[in-house]
Amino acid sequence: MADIEANGIHVDVQYINKAIRRSQRRIEHKKRALQKTDVYRQWRRTFGSRMKLGAREQMSTVLFDVMGVPAPAARTASGKVKMDEAVLNTVDHPFVQQWLAIEKLKKAMSTYLKGLLVETVDGYMHPFFNLHTTQTYRSSSDSPNFQNIPVRDPVIGKLIRTAIIPRPGRCIVESDISGAEVRTSSNYNKDPRLIKYILDPSSDMHRDMACECYMLEQSEVTKRTRAAAKSYFVFAQFYGDWYIDCARRLWEGIHTDKLTTASGVPLDVHLRKKGITRLGRLDPKAEPIPGSMEGHIRKVERDFWHKRFPVYHQWKQDWYDAYRKQGWFETLTGFVCSGYMKRNEAVNYPIQGSAFHCLLWCLIRLQNEMKRRKMETLVVGQIHDSIVADVVPSEMDEYTGLVVDIVTRQLQKHWDWIEVPMAIDIEASGVDRPWVEKKEVSVA
DNA sequence: AAACAGTGCGCG
DNA sequence: AAAGCGCGCACTGTTT
């Protein structure tokens, strides 16, 4: 980690400065449109010079108390109206959507464009990669945090990742351990059904759960629907979520993610034909209403743990019971977690920690080997299950070959508890091209 | 002015 | 009985 920190990563300072000016203009432009609205005038009247456009509490007062817009039910820990993006998307008022768009840009501007710039000296920034800060024995990163640079939103991702570039004449190469935590979990729980899903390339757990959750034939599952099932159901369940929240997110996802069947039928229309006509009351104490998503997902959840992954289910119980008896546990990579933990924490920490330790072992091995071979390629960052490097083009094949060998073969030889090996996915930018342009490269 | 709590949001 | 896990950073509003 110290070597990586010393190497540092190249930043296109000229681009950032331009992007800051451009984004500033865009924010001002959007603000001027807001200033013409009733809500804005009312806000100014209520708070006068104390008015701050970023103050969600003020906006809550203006919208729900002063103007009488119906308030959503969700509350924060301290009892105020919850004002995050998910809740505000349920507020039926044009002002709110314009305001959210401004906040999104402001986030990109302050945390990322300006945040990266202040940490950059002579064109390079040197993020810290800490190994001593987390509950789980993962790493963390700060000043700047290199582990949360935008990527999911394509527009914001491009705005920020265009600023991150290779050293002159090089490429940025990102090597990602695919399904690191699922594979690691299978080395704890040894569920044969889960292992089959991982090892059999013709099977697809997320597609199968999309079929269950949205009552679809395999051929009707689109990429988006698969992605929704993956994040709103499969991963949520693996980390300990429950049917009430899964049902809500799967249901809302139909609209926010514009989910349809492969033949173009909106999934709410499709579900209605299958007899699911509403979300349900989402009351865990009451029996779900017949024909509700809530009742349907409760059944899918039961089936998921009792029929599909019973061994994983049993492991969770046994692991938690053992922790409660002892007050601590040791991970497969030899780290001890102790102190008070909730059930979900106790079963998630070992997986998260050991998955990272697989990456860490590979990273150390990689850097030692590159030094031994006197290679010029430099590792410049790490994001929990991926390695970012500044690769000299003449060393590209050697570098990717080395990474593949270490991750898919050497790692398994080193730790005898690895029954399910790791797999890898490598993406690279062109020479002198920014991180945002990374594309899949095929490796042997 | 500095410190702190609360909230929200970016990533894996 | 409980009800996704882990982080760091910016901003607001209040207290020291």
Side-chain angles (χ1 to χ4, degrees), chain A residues 47 50-61 74-88 100 103-116 118-119 127-153 156-157 159-161 174 176-182 184-185 231-249 282-285 298 301 316-317 320 324 337 341-353 355-356 359 381-386 388:
Chain A
F47 286 94
R50 291 178 5 242
M51 173 179 184
K52 284 188 181 177
L53 206 51
R56 288 162 195 261
E57 205 180 329
Q58 291 186 0
M59 186 165 81
S60 170
T61 303
R75 293 293 181 273
T76 66
S78 69
K80 290 179 284 200
V81 177
K82 203 160 167 58
M83 295 290 281
D84 65 10
E85 190 183 355
V87 169
L88 290 177
L100 279 171
E103 286 303 298
K104 193 142 263 175
L105 255 184
K106 279 163 72 179
K107 168 83 175 171
M109 180 78 148
S110 57
T111 303
Y112 297 105
L113 291 176
K114 290 186 174 171
L116 297 185
V118 301
E119 296 291 353
F128 289 96
F129 293 97
N130 312 300
L131 294 171
H132 65 290
T133 59
T134 66
Q135 292 285 307
T136 56
Y137 300 103
R138 252 193 180 183
S139 65
S140 72
S141 171
D142 69 89
S143 310
N145 183 351
F146 187 66
Q147 296 176 324
N148 72 346
I149 312 281
V151 66
R152 296 177 194 169
D153 179 321
I156 302 292
L159 177 66
I160 308 302
R161 287 185 178 223
E174 183 166 2
D176 188 295
I177 300 186
S178 34
E181 288 196 8
V182 175
T184 300
S185 86
S231 58
Y232 305 150
F233 188 83
V234 179
F235 280 140
Q237 288 287 332
F238 280 168
Y239 288 131
D241 207 350
W242 65 329
Y243 72 96
I244 297 267
D245 286 324
C246 288
R248 181 191 292 116
R249 295 179 67 189
L282 301 181
D283 177 359
K285 278 174 272 182
R298 187 173 74 160
E301 182 188 74
K316 278 195 180 193
Q317 290 189 4
Y320 183 50
R324 292 219 294 184
C337 297
M341 279 172 262
K342 292 187 267 193
R343 176 182 172 278
N344 283 338
E345 292 169 338
V347 297
N348 287 332
Y349 286 10
I351 296 167
Q352 204 177 85
F356 171 66
L359 186 282
Q382 160 269 125
I383 313 170
H384 307 302
D385 63 1
S386 80
V388 181

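All chains are named by letter (A, B, ...) in the order of the sequence lines, taking the proteins before the strands, and each is independently numbered beginning at 1.
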What integer distance in Å separates [X]:[atom1] from [N]:[atom2]?
X: A:Asp245; N: C:dG4; atom1: CG; atom2: P; result: 5 Å
X: A:Glu103; N: B:dG8; atom1: CD; atom2: C1'; result: 10 Å
X: A:Met59; N: B:dG8; atom1: CE; atom2: C1'; result: 12 Å
X: A:Asn145; N: C:dG6; atom1: CG; atom2: C1'; result: 12 Å
X: A:Asn130; N: C:dC7; atom1: CG; atom2: P; result: 11 Å
X: A:Lys80; N: C:dC11; atom1: NZ; atom2: P; result: 18 Å
X: A:Phe238; N: B:dG12; atom1: CZ; atom2: P; result: 19 Å
X: A:Arg152; N: B:dC9; atom1: CZ; atom2: C1'; result: 10 Å

Over all strands shown, is [X] touching base, sugar-phosphate only, or nothing at heavy-atom distances under 4.0 angstrom?
X: A:Ser143; answer: sugar-phosphate
X: A:Tyr243; answer: nothing
X: A:Val151; answer: sugar-phosphate
X: A:Ser141; answer: sugar-phosphate
X: A:Lys106; answer: nothing
X: A:Ala77; answer: sugar-phosphate
X: A:Gln352; answer: base
X: A:Asp241; answer: base
X: A:Arg249; answer: base
X: A:Arg138; answer: base
X: A:Gln135; answer: sugar-phosphate

First locate atom [atom1] of [X], then atom [atom2] of [Y], and finally report the distance between them rounded to the nearest 0.5 Å.
X: A:Ile160; Y: A:Met109; atom1: CD1; atom2: CE; answer: 10.0 Å
X: A:Asp241; Y: A:Arg249; atom1: CG; atom2: CZ; answer: 7.0 Å
X: A:Leu159; Y: A:Leu113; atom1: CG; atom2: CG; answer: 5.0 Å

[N], OP1 or OP2 - any side-chain N/O from [X] closer than 4.0 Å?
X: A:Ser140; N: C:dG8; answer: yes
X: A:Lys342; N: C:dA2; answer: no
X: A:Ser78; N: B:dT7; answer: yes
X: A:Trp242; N: C:dG4; answer: yes
X: A:Tyr349; N: C:dG6; answer: yes
X: A:Ser110; N: C:dA10; answer: no
X: A:Gln58; N: C:dG13; answer: yes
X: A:Arg56; N: B:dC9; answer: yes

Determine, for A:Asp283 against A:Lys285, whether the closest basic-nitrogen to carboxylate-oxygen distance falls under 4.0 angstrom.
no

Under-4.0 Å salt bridge between A:Glu103 and A:Lys106:
yes

Looking only at N and O atoms, is any donor in the side chain of A:Asp84 or the base of B:dG8 less than 3.5 Å from an acceptor on the other one?
no

I'd like to know if the side chain of A:Thr133 pairs up with that of A:Ser140 as donor and acceptor (distance under 3.5 Å, no hydrogens or angles considered).
yes

Just checking, is any N or O donor in the side chain of A:Gln147 or A:Ser139 under 3.5 Å from an acceptor N or O on the other one?
yes

Side chain of [X] only, please: which of [options] is the nearest?
X: A:Thr134; options: C:dC7, C:dA3, C:dG8; answer: C:dC7
X: A:Pro150; options: C:dA10, B:dC11, B:dC9; answer: B:dC11
X: A:Lys104; options: B:dT7, C:dT12, B:dG10; answer: B:dG10
X: A:His384; options: C:dG6, C:dA3, C:dC9; answer: C:dG6

C:dG4 pairs with which nucleotide, Watson-Crick or G-U wobble, both distances below 3.5 Å?
none

